[in-house]
Amino acid sequence: MNPWSSNQTVDANRLFSDFGIEPIGEAAQGLPDAPSFVRRGIVVGHRDYRVIVDAIRNHTPFHVLTGFMPSGLPHLGHLMVMKEVVWHVQQGGNGYVAIADREAHAVRGISWDKCREFGREYLKALYALGFRGTTYYQSRNERLKDLAFEASTKVNFSELSAIYGFGPETSLGHAASAATQVGDILFPQIDAGPAPTVVPVGLDQDPHIRLTRDVAHKLRMFTVEDRGDHISVRSKNAPAEALKAVHHAFTGSKKYAGHVDITGLPHAWVDEGVREIEIAHGGFGFYPPSSTYHIFMPGLQGGKMSSSVPESLFGFYESDKSVRKKVLAALTGGRMTLEEQKRLGGEPDRCSVYLLNLFHMLEDDRELSDLRRRCKSGEMTCGQCKKETLERVQAFLMDLRDKMDAAEHLADEVE
Ligand code: TRP
Ligand code: SF4
């Protein structure tokens with residue numbers, strides 16, 4: 001899978017079966033208050049999300065991070081990730097957002113000035129939606145760059161070609177921006193200390209998550225494995241004193257050449273103790289990042305939503321006239337004639353107007369199910385439905401713009 005490809009046809013089932021992404025259902029049941037993007041089936045999968053659910057429930061520290069590539073202005077298609085990040089911050093997460101200007105420059109050839117100009121709009125939108133936390137531009141974050149370099153020592157070209165399909169024509173800058181993204185995902189853990197980190201992304205971004213989980217593991221000094229009757233702490237590249245410290249920390253443990261065996265203690269307990277020893281000896285002690293995966297909202301015209309298809313989406317500052325035109329021209333699940341519509345009802349699941357409401361414009365579940373009912377019963381015409389939806393879109397944009405304008409100073413303070 002190539003996350004930079006413009007033709008994204010992600011087969012969710014294949015991702016689940018081939019790459020080990022788990023369906024979100026069971027993990028999400030532990031959430032005290034499931035957000036609408038989970039209830040409505042927009043977030044469909046995850047890796048290791050249970051540790052985040054536990055952190056939310058137990059009020060223990062966790063990070064939430066995502067990145068935006070500033071290759072154009074933010075739009076409808078970016079809203080979902082933004083909302084997911086904001087929701088996790090509201091649940092107690094320590095928030096991080098990277099503006100991936102190095103990636104935009106290396107992969108899309110965007111000038112540094114434009115990266116800055118577009119990046120500022122993403123930040124304004126995030127703050128407007130309620131984000132609080134740390135934000136940065138990749139190109140200006142020295143610690144990030146050092147971390148990305150460290151990460152790159154653990155990645156070779158055969159992995160890059162297996163994960164991303166990189167070939168001999170791939171530029172070194174592009175490869176470096178993959179390492180930079182690994183750095184982004186691990187950055188909260190060097191900035192604020194090791195803790196579970198959730199990265200909400202679209203299904204297309206999973207290669208980055210897999211690579212980062214692999215690198216996070218390789219950058220650890222120890223592995224801690226449950227062997228049934230004992231726990232084995234193996235040194236991968238730990239200094240001798242660190243292994244000794246592990247031995248001393250757990251009474252009754254046995255020390256061998258490259259490992260220490262511990263009996264009678266729970267795995268999680270040993271894992272935490274070893275992590276602390278690793279950090280005390282100059283190691284990273286990374287937790288492998290967790291992730292959630294959402295499906296994509298189709299374009300308003302019914303095809304894919306992409307900035308290369310202007311009628312598929314609207315920008316946050318697009319003119320009222322243009323937004324109106326696009327919403328009123330959107331592909332619906334309505335019937336050919338009014339008579340048919342009344343008799344058979346509409347098909348909301350095939351309707352981009354319905355999906356626009358489901359994704360973003362109707363927060364209230366009862367109102368959404370009422371819309372669905374009125375559609376399916378044939379009680380409502382598509383014309384009426386679009387008109388109501390347009391009003392919601394206009395109110396949403398008006399409010400967002402006010403808040404974005406008010407957040408300008410926050411975006412301008414970002415390094
Ligand atoms: N590659 C992402 C994109 O194309 C942007 C990105 C950069 C990102 N760093 C990240 C996403 C870290 C998630 C986590 O949009
Ligand atoms: Fe779509 Fe609304 Fe028409 Fe139903 S009534 S098909 S939801 S536009």
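We use all heavy atoms of the structure for the numbers below, so side chains are in, but hydrogens, waters and symmetry mates are not. Every number for a ligand or one of its atoms is a count from 1 in the order of the listing.
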Hey, looking at atom 9 (N) of ligand 1, which of Thr212, Val81, Asp184, Ile185 has the closest heavy atom?
-> Asp184
Can you tell me the protein heavy atom closest to atom 1 (Fe) of ligand 2 and the distance?
-> Cys351 SG, 2.3 Å
Any idea which part of Thr180 is under 4.0 Å from ligand 1, heavy-atom wise: side chain, backbone, both or neither?
-> neither
Give the numbers and elements of all ligand 2 atoms closer than 4.0 Å to a heavy atom of Thr332.
-> 8 (S)
Relative to the heavy atoms of Val199, which atoms of ligand 1 are at a distance of less than 4.0 Å?
-> 13 (C), 14 (C)
List every atom of ligand 2 that sits less than 4.0 Å from any heavy atom of Tyr354, numbering the atoms from 1 in the order shown and giving each element.
-> 7 (S)
Would you tell me which option among His78, Arg108, Glu103 has the nearest heavy-atom contact to atom 5 (C) of ligand 1?
-> Glu103
Can you label the angle between the His88 ring and the Phe62 ring as parallel, tilted or perpendicular, going by 30° and 60°?
-> perpendicular
Protein contact of atom 2 (Fe) of ligand 2 - nearest heavy atom, named by residue and atom, plus distance = Cys385 SG, 2.4 Å
Report yes or no: is the cationic atom of Arg40 (NZ for Lys, CZ for Arg) under 6.0 Å from the centre of the six-membered ring of Phe359, at an angle within 45° of the ring normal?
-> no
Looking only at heavy atoms, is any part of Ala100 under 4.0 Å from ligand 1, and if so is it the side chain, the backbone, or both, or is it neither?
-> side chain
Test item: Thr135 side-chain N/O and Gly133 main-chain N/O as donor-acceptor pair under 3.5 Å = no
Can you check whether His78 and Tyr122 have ring centres sitting under 6.0 Å from each other?
-> yes
Cation over ring, Arg401 on Phe316, under 6.0 Å and within 45°?
-> no
Hey, could you give me the CZ/OG distance between Phe166 and Ser171, rounded to the nearest 0.5 Å?
-> 8.0 Å
Gly334 touching ligand 2 at heavy-atom level, < 4.0 angstrom = yes
Could you walk me through whether Asp320 and Gln394 pass the side-chain hydrogen bond (donor to acceptor under 3.5 Å, both in side chains) test, one step at a time?
-> CA-CA 7 Å; Asp320 287 347; Gln394 285 168 335; 5.3 Å; no
For atom 3 (Fe) of ligand 2, find the nearest protein heavy atom and state the residue, atom name and distance (0.1 Å precision).
-> Cys382 SG, 2.3 Å
Which residue from His208, Gln205, Arg102 reaches closest to atom 2 (C) of ligand 1 through any of its heavy atoms?
-> Gln205
Under 4.0 Å from a heavy atom of Leu65: give me the atoms of ligand 1 that qualify, with their elements.
-> 12 (C), 14 (C)
All heavy atoms of Ile99 vs all of Pro70, minimum pair found to be CG2-CG, 3.7 Å
N, O or S of Cys375 under 2.8 Å from atom 4 (Fe) of ligand 2 | yes
Output yes when a side-chain donor or acceptor of Lys154 lies under 3.5 Å from a complementary backbone atom of Leu219, and no otherwise.
-> no
